[in-house]
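Below is one structure; the comments refer to it alone.
Reminder, nothing fancy here: chain letters follow the sequence lines and each chain counts from 1.
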2 protein chains.
Amino acid sequence: MDGKIVNLKSKIEIYKAMTDGANFADCPVRNVMQGINGKWSPLLVMALAEKPYRFGELRRLVPDISQRMLTQTLHELQRDGYVHREVFPTKPPSVEYSLTDLGRSMFVPLYQLVQWAELNHHAVRDARAAFEAAHA
Amino acid sequence: MDGKIVNLKSKIEIYKAMTDGANFADCPVRNVMQGINGKWSPLLVMALAEKPYRFGELRRLVPDISQRMLTQTLHELQRDGYVHREVFPTKPPSVEYSLTDLGRSMFVPLYQLVQWAELNHHAVRDARAAFEAAHA
DNA sequence: CAGCATCCCTCCGGATACTG
DNA sequence: CAGTATCCGGAGGGATGCTG
């Protein structure tokens, strides 16, 4: 239990924060990560980071999302405080989605990760090809 | 189609990179993100960022992961080039897992996101509580 | 326009038992 | 010790049709 072991756990302890120590199931850090890591969540956050969008605009911007998943993902992002939903009582009604301060704050590190993915997806693709070849 | 619209798409275009334009289904950036965003992947990358671990050590470090998921997640991380798997021909055999250069590179932005989650999970929890209260 | 409701199916992921 | 194999329940997510 010397300094090395303390240092050894410093990264994973972030995940253990506020957990009862027995498991990670209800770890709050994991909860937040799970909310960000949906299939469509990062894509929609990236879009809304640019400017507010209305529902139909998002549909056209992301053509292959089902309307069910668009509704549901926006609902979750709103519930977690990343997205603000504003209804304009026109007829027919229009609804505008925008990032909150919390959403813009979260966007910063998310964007870093997406940029990493853009720069390195070739390396990942090559690694997968090499792995498949080795196990053929 | 003025400058504003061009700027409007600058963030989401990262996701569209190398896609045929019709959908995001086979977008390489999304593929990379999906590989990172598994239920256990970030946690294991965090652990291996500290030092190499053997299989059993990881089991004890993350008590509530099933051994099936530990095997599978490590396999995927190895396939995508993030993790190196080295077998020592002792008896009984021991297997050590460690991050590759690519894995350490990916860890940098991932760590930023995890740190954000640690700093802001209270805000997310409060937002959820307020949302549930408003829709009660 | 901006959704909600329903059906249905895939696959993620846990529990358990067995192996080199 | 470090896995593989099998079973199975539940959540994730697409397609379609209806509403204010």
* Integer-rounded Å distance: C:dA2 P and A:H75 NE2 -> 18 Å
* Asked: If you round to the nearest 0.5 Å, how far is OG1 of B:T100 from CE of B:M106?
  -> 8.5 Å
* Asked: Rounded to whole angstrom units, what separation is found between the CD atom of B:Q72 and the P atom of C:dC12?
  -> 7 Å
* Given atom CG of B:N37 and atom P of C:dG13, what is their separation to the nearest angstrom? -> 11 Å
* To do: May I ask you to say what A:K39 touches in the nucleic acid, namely base, sugar-phosphate or nothing, with a heavy-atom cut-off under 4.0 Å?
  => sugar-phosphate
* Asked: OP1, OP2 of C:dC1 versus side-chain N and O of A:Y97: anything below 4.0 Å?
  -> no
* To do: Specify the residue among A:F55 and A:Q34 whose closest nucleotide of DNA chain C lies further upstream toward the 5′ end.
  => A:F55
* Structure fact -> Residue pair A:R68/A:P93 against DNA chain D: nearer the 5' end by closest nucleotide is A:R68
* Sole residue of A:L61, A:L70, A:L99 in side chain to side chain contact (heavy atoms under 4.5 Å, CB included) with A:L44 -> A:L70
* Atom CH2 of A:W40 to atom C1' of D:dG13: distance rounded to whole Å? -> 10 Å
* Asked: Closest approach of B:G35 and B:S41, non-hydrogen atoms and distance?
  -> O-OG, 3.7 Å
* Taking all non-hydrogen atoms of both residues into account, name the closest pair between B:V32 and A:A117 and its distance. => CG1-CB, 3.7 Å
* Structure fact -> In this structure, OG of B:S66 is separated from CZ of B:R59 (nearest 0.5 Å) by 8.0 Å
* Asked: 5'-most contact on DNA chain C: A:E57 or B:I65, nearest heavy atom basis?
  -> A:E57
* Structure fact -> Among the nucleotides D:dC1, C:dG3, D:dG3, whichever has the atom closest to the side chain of B:P92 is D:dC1
Going by atom type alone, with no hydrogens or angles, which donor-acceptor pairs under 3.5 Å involve a side-chain atom of residues 82-92 of chain B and a protein atom two or more places apart or on another chain?
| from | atom 1 | to | atom 2 | distance (Å) |
| --- | --- | --- | --- | --- |
| B:R85 | NE | B:Y97 | OH | 3.3 |
| B:T90 | OG1 | B:P92 | O | 2.9 |

* Asked: Rounded to whole angstroms, how far apart are CG on B:L70 and P on C:dG14?
  -> 11 Å
* **DNA chain D-proximal residues of residues 79-89 of chain B, any heavy atom under 4.0 Å** => B:R85
* Report yes if at least one side-chain N or O of A:R54 is closer than 4.0 Å to OP1 or OP2 of C:dA2; otherwise report no. => yes
* Distance (rounded to the nearest 0.5 Å) between B:T73 OG1 and B:R68 CZ -> 9.5 Å
* Determine yes or no for a side-chain-to-main-chain donor-acceptor pair under 3.5 angstrom, with B:T71 supplying the side chain and B:Q67 the backbone. => yes
* Asked: Touch check for B:T71, heavy atoms < 4.0 angstrom, all strands: base, sugar-phosphate only, or nothing?
  -> base
* Asked: Bend across the helix from C:dC1-D:dG20 to C:dG20-D:dC1, to 10°, with axes taken over 5 pairs at each end?
  -> 50°
* To do: Using whole Å, report how far CE of B:M69 lies from C1' of D:dT4.
  => 13 Å
* Any N or O donor-acceptor pair linking the side chain of B:Q67 to the base of D:dT4 at under 3.5 Å? -> yes
* **Minimum heavy-atom distance between A:Q34 and B:G38, given as atom pair plus value** => OE1-O, 4.4 Å
* Rounded distance in Å - OH (B:Y53) to C1' (D:dC1) -> 18 Å
* To do: Grab the CD-P distance between B:E96 and D:dG3 for me, whole Å please.
  => 12 Å
* Locate the shortest heavy-atom distance separating B:R30 from A:K39; write the atom from each residue and the value. => NH1-CE, 3.6 Å
